[in-house]
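Before any comments, here is the structure.
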Amino acid sequence: MFNSLTGIITGKYPLRLTLETNGIEWDLTVPDSALDKLPPVGQTGRVFTWLQHTDMAMVLFGFASEDDRSLFFDLLKVDGIGPKAALKIISNIATPDLARILDSGDLDSLQKVPGVGKKTAAKMLLQLKGKLTLQEDSPVQGRGKNIPYADVVSALVNMGYDRKIAEGAVEAVSKKVSQDPSFEKQTQAKKEDLVFRQSLMELAQ
């Protein structure tokens with residue numbers, strides 16, 4: 001499946017974008033925030049995509065960044081949030097801001113996001129706090145830049161561990177194993193495997 005489309009932006013409309021690539025014009029459903037982030041009509045832009053295929057129709061969704069698309073996928077995991085609701089949420093609040101609200105457990109601020117009621121906000125906190133799958137170079141992930149072995153942290157988060165707890169375990173383990181001179185002689189893959197296994201043991205205690 002294609003990951004993104006790069007072409008000339010031919011039109012911008014509420015929750016909709018058209019893009020031409022090699023003589024084919026694509027009609028994409030996008031969050032309104034993407035319209036501001038992407039280049040103006042007539043210029044070349046890259047749109048990250050996801051195709052929803054159901055018995056009723058096929059809808060091609062577009063996003064201005066990988067982080068916006070990742071957040072969209074994370075929102076779909078929450079019971080009661082479908083594609084339309086997820087787009088509305090992303091349209092009304094920046095991805096870094098929403099991630100910070102979730103990570104801090106700020107239920108009151110979360111309920112102020114258009115389209116998010118009290119029950120939905122509680123479900124979002126329960127399912128997404130500390131588990132957002134955003135890129136490590138994203139502004140919201142700035143705290144992860146100084147965390148060693150970010151890939152190991154991501155793997156632990158994907159297993160269900162809270163991000164902050166996983167970061168703490170990986171940081172402690174990496175400092176411990178780095179004191180062994182033989183550790184630095186290992187390949188990066190072996191280092192990551194060792195840190196991953198020992199971090200799992202640390203989290204299991």
With a 4.5 Å cut-off on side-chain heavy atoms, are [Y] and [X] touching?
X    : Y   : answer
V30  : L38 : no
L15  : D32 : yes
D68  : F48 : no
K123 : I81 : no
P40  : I9  : no

- Item | Test: D103 and R100 ion pair at under 4.0 Å |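 No, D103 and R100 are not salt-bridged.
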- Would you mind checking if D193 and R197 are paired as a salt bridge, meaning a charged N to carboxylate O distance below 4.0 Å? yes
Identify, with sequence neighbours excluded, every residue that meets side-chain contact (heavy atoms from CB on, under 4.5 Å) alongside [X].
X    : value
T187 : A189, K190
D27  : R16, T18
E192 : Y149, D151, V152, Q188
A169 : E202, L203

- Message: Is it the case that atom NZ in K37 sees more than 12 heavy atoms from other parts of the structure closer than 6.0 Å?
- Response: yes
- Message: Apply side-chain contact (heavy atoms from CB on, under 4.5 Å) to residues K191 and L194 and explain how you reach the verdict.
- Response: CA-CA 5 Å; K191 288 179 180 179; L194 178 61; 5.9 Å; no
Shared ILVMFWY cluster between [X] and [Y], side chains joined below 4.5 angstrom?
X    : Y    : value
Y13  : I90  : no
M201 : V195 : no
V170 : V177 : yes

With rounding to the nearest 0.5 angstrom, report the [atom1] to [atom2] distance, [X] to [Y].
X    : Y    : atom1 : atom2 : result
I101 : D108 : CD1   : CG    : 10.5 Å
E20  : T44  : CD    : OG1   : 10.5 Å
L60  : L28  : CG    : CG    : 4.5 Å

- Item | Set of ring pair (Phe, Tyr, Trp, His ring centres under 6.0 Å) partners for F72, sequence neighbours left out |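 Expected list: W50, F61, F63.
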- Task: Return each pair, listed once, that meets ring pair (Phe, Tyr, Trp, His ring centres under 6.0 Å) where at least one residue sits in residues 185-205; pairs must be two or more places apart or across chains.
- Result: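 Counting only pairs at least two positions apart or across chains, no ring pair (Phe, Tyr, Trp, His ring centres under 6.0 Å) contact touches residues 185-205.
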- Does the side-chain contact (heavy atoms from CB on, under 4.5 Å) test come out yes or no for Q52 and T29, once each step is laid out? CA-CA 11 Å; Q52 181 191 39; T29 298; over 6 Å; no
- Evaluate side-chain contact (heavy atoms from CB on, under 4.5 Å) for D106 paired with L125, printing each intermediate quantity in order. CA-CA 9 Å; D106 189 349; L125 282 180; over 6 Å; no
- Going by atom types alone, do S65 and D67 pair a side-chain donor with an acceptor below 3.5 Å?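 Absent: no donor and acceptor within the cut-off.
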- Message: Tell me if a side-chain donor or acceptor on R69 pairs with a main-chain N or O of G62 at a distance below 3.5 Å.
- Response: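 Looks like no, no N/O pair under 3.5 Å.
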